[in-house]
Amino acid sequence: MKIVLFCEQKYAINILQPLEVEANKEGGHSVIWYVQPKNIPDFPLKDEVKWTNSIQEIYDFSPDVLFVPCNIVPYYLPGVKIQIFHGYAAEKKDHWVIRRYFDTYFTQGPFFTEGFKALAKKYKDFEVVETGWPRQDWIYENLHTFDTEKNALLRKHQKSKLALYAPTFSPSLTSLPFIKEGLEKLAREKDVLLILKFHPLTRSEWMEEYRQLAEEHENMLWVEDHNITKYQIMADVMISDPSSTVYEFLLLDKPVITYKTIAKDIYWLDIQHPEDLPDAFDLVLQDTVLASKRKWIIDNYDPYLDGKVCHRMLDAARDYISRHGVPKKRKLNLWRKYTSIKKFGKVKRR
């Protein structure tokens, strides 16, 4: 198959990369990345994979299939357009918005499959296949890759636990303006090294404020690495807010603390006051009720930590093509066509 990995945001790199690995392992595929130049001016894999910033080049490549973690893809590109999602945040309304750009949705687990199959019955122009989330394949391969690095950090800082603070970038939802003193209190009072890992779209002034905080505090560590999953694997506890990374951490069967979450169904410990963070840290490490809630998330949100998600995705793409062929383009209303062209521009048709 001719495969496009459609990478519009930096966080999508880690979602798409396992598909590149699996396609290369299978052999017989031609893979190219589309990398959005404005959002990803310095592509970390630029010397390792075939890629382009040009939508025209993607059109001329004439792909059989496009894997897309974001919400929109140019309707005029040939190929099966597959939504593979950028996270698990079911409480965010736009997670369930059908924008009509996709031929099929590859869902992470039973909870999402049920919801999107109901939407498929309503719209009648896309299919749903449950495959798991591709990032899980990388996690499967690297569950113990960073054990030595973690232990070295804990020895260096003379701590026994590692906590990860990874907030959302959204200015209306983030905990960044409110939780700073609570984080300082946690790092000061508890036997913990606190890693600060921020979304690349976080406001620069907040980035600088917390980078400075980490430099001044011996029990905090600022990291620039785009690979948040590495630090999720290393951490014992995660601190966040309405970020979708909360669910990724729960799927590792590890405890989470949030500050004023907007989620209606809470499967972790949520606090309303930043000063409660140290007590919450002690509680989540031993609470059996929270452990059972994590188990429900694993079973329903994404139970596929088997290293075979991307294989299922490629199989499902082949199956779609065997039944429907390769679409030349996606039929859309004028508004959706306009939105697509406004964002990605036009191409010269062959």
Backbone of Pro18 reached by a side-chain donor or acceptor of Asp137 within 3.5 Å: no
Pair Asp236-Lys150, salt bridge (charged side-chain N to carboxylate O under 4.0 Å, His left out): steps then yes or no: CA-CA 10 Å; Asp236 299 294; Lys150 174 183 177 178; 2.9 Å; yes
For Pro69 and Phe67 the tightest heavy-atom approach is CD-O, 3.9 Å
Closest non-hydrogen atom pair, Arg99 against Leu332: O-CD2, 4.2 Å
Are Leu290 and Pro255 side-chain neighbours, meaning at least one heavy-atom pair lies under 4.5 Å? no
Would you say the ring centers of Tyr247 and Phe111 fall short of 6.0 Å from each other? no
Quick one: does any side-chain atom of Asp64 pair with a main-chain N or O of Met1 as donor and acceptor, under 3.5 Å? no
Is there side-chain contact between Val31 and Leu5, with at least one heavy-atom pair below 4.5 Å? yes
Do the side chains of Asp287 and Leu269 get nearer than 4.5 Å, heavy atoms only? no
What's the verdict on side-chain contact (heavy atoms from CB on, under 4.5 Å) for Glu127 and His324, showing C-alpha distance, side-chain angles and the deciding distance? CA-CA 11 Å; Glu127 297 183 359; His324 302 290; 2.7 Å; yes
Can the ring centroids of Phe43 and Trp33 be said to lie less than 6.0 angstrom from one another? yes
Between His144 and Asp147, is a side chain to side chain donor-acceptor pair (under 3.5 Å) present by the stated rule, with each step listed? CA-CA 5 Å; His144 299 289; Asp147 289 355; 3.1 Å; yes
Arg203 and Glu209 ion-paired at < 4.0 Å: no
Backbone of Lys348 reached by a side-chain donor or acceptor of Gln56 within 3.5 Å: yes
Which heavy atom in Gln17 sits nearest to a heavy atom in Leu45, and how many Å separate them? NE2-CD2, 3.6 Å
Contact check, side chains of Leu221 and Tyr231, non-hydrogen atoms, under 4.5 Å: no
Once the angle between the rings of Tyr210 and Phe198 is folded into 0 to 90°, is it parallel (under 30°), tilted (30 to 60°) or perpendicular (over 60°)? perpendicular
Less than 4.0 angstrom from a charged side-chain N to a carboxylate O is my criterion; do Asp103 and Arg330 meet it? yes
Return the minimal non-hydrogen interatomic distance between Ala316 and Val129, and the atom names on each side. CB-CG1, 4.0 Å
Decide if the gap between the ring center of Tyr301 and the ring center of Phe112 is smaller than 6.0 angstrom. yes
Interatomic distance, Ile58 atom CD1 to Tyr76 atom OH [nearest 0.5 angstrom]: 11.0 Å
I need the Lys260 NZ to Ser175 OG distance, nearest 0.5 Å. 11.0 Å
Restricting to side-chain hydrogen bond (donor to acceptor under 3.5 Å, both in side chains), what partner residues turn up for Glu130, sequence neighbours left out? Thr113, Tyr304
Can Ile297 and Leu251 be said to form a side-chain contact (heavy atoms from CB on, under 4.5 Å), step by step? CA-CA 7 Å; Ile297 286 290; Leu251 288 166; 4.0 Å; yes
Assess whether a salt bridge exists between Lys308 and Asp315, defined as any Lys/Arg side-chain N lying under 4.0 Å from an Asp/Glu carboxylate O. no
Do other residues, nucleotides or ligands put more than 12 heavy atoms under 6.0 Å from the NZ atom of Lys117? no
Determine yes or no for a side-chain-to-main-chain donor-acceptor pair under 3.5 angstrom, with His199 supplying the side chain and Leu201 the backbone. yes
Any carboxylate oxygen within less than 4.0 angstrom of a Lys/Arg side-chain nitrogen, looking at Asp265 and Lys293? no
Donor-acceptor under 3.5 Å (Lys81 side chain, Gly79 main chain): yes
Has Lys254 got a side-chain atom pairing as donor or acceptor with Ala235's backbone, closer than 3.5 angstrom? yes
Backbone of Lys2 reached by a side-chain donor or acceptor of Ser30 within 3.5 Å: no
May I ask you to check whether Phe102 and Phe116 place their ring centres under 6.0 Å from each other? no
Quick one: pull up CZ in Arg294 and CG in Leu250 and give me the separation to the nearest 0.5 Å. 7.0 Å
Is any side-chain heavy atom of Tyr75 closer than 4.5 Å to one of Arg336? no
Salt bridge flag under 4.0 Å for residues Arg312 and Asp306: yes
Run the ring-centre check on Tyr88 versus Trp133 and record whether the distance is less than 6.0 Å. yes
Considering only heavy atoms from C-beta outward, does the side chain of Pro303 approach that of Pro110 to under 4.5 Å? yes
Student check: side-chain heavy atoms of Leu119 and Phe126 closer than 4.5 Å: yes
dist Gln232:CD -> Ile228:CD1 (nearest 0.5 Å) comes out at 5.0 Å
Exam field: side chain Thr168 to backbone Thr174, donor-acceptor pair closer than 3.5 Å: no
List the steps, then state whether side-chain contact (heavy atoms from CB on, under 4.5 Å) holds for Lys343 with Glu8. CA-CA 11 Å; Lys343 187 163 190 175; Glu8 193 185 334; 2.4 Å; yes
Is it true that a side-chain atom of Asn53 and a backbone atom of Val35 form a donor plus acceptor pair closer than 3.5 Å? yes
Nearest 0.5 Å please: distance from the NZ atom of Lys185 over to the CD1 atom of Ile179. 12.5 Å
For residues Ile72 and Phe344, determine if any side-chain heavy atom of one lies less than 4.5 Å from a side-chain heavy atom of the other. yes
Where Asp270 and Thr258 come nearest, the two heavy atoms and their spacing: OD1-OG1, 2.5 Å
Hey, mind stepping through Cys310 and Trp138 against side-chain contact (heavy atoms from CB on, under 4.5 Å) and telling me if it holds? CA-CA 10 Å; Cys310 293; Trp138 188 89; over 6 Å; no
How long is the straight-line distance from CG of Leu305 back to CG of Leu252, given to the nearest 0.5 Å? 7.5 Å
Nearest heavy-atom neighbours spanning Met220 and Ala187: CE-CB, 4.0 Å
Between Ser322 (side chain only) and Asp319 (backbone N and O only), is there a donor and an acceptor less than 3.5 Å apart? yes
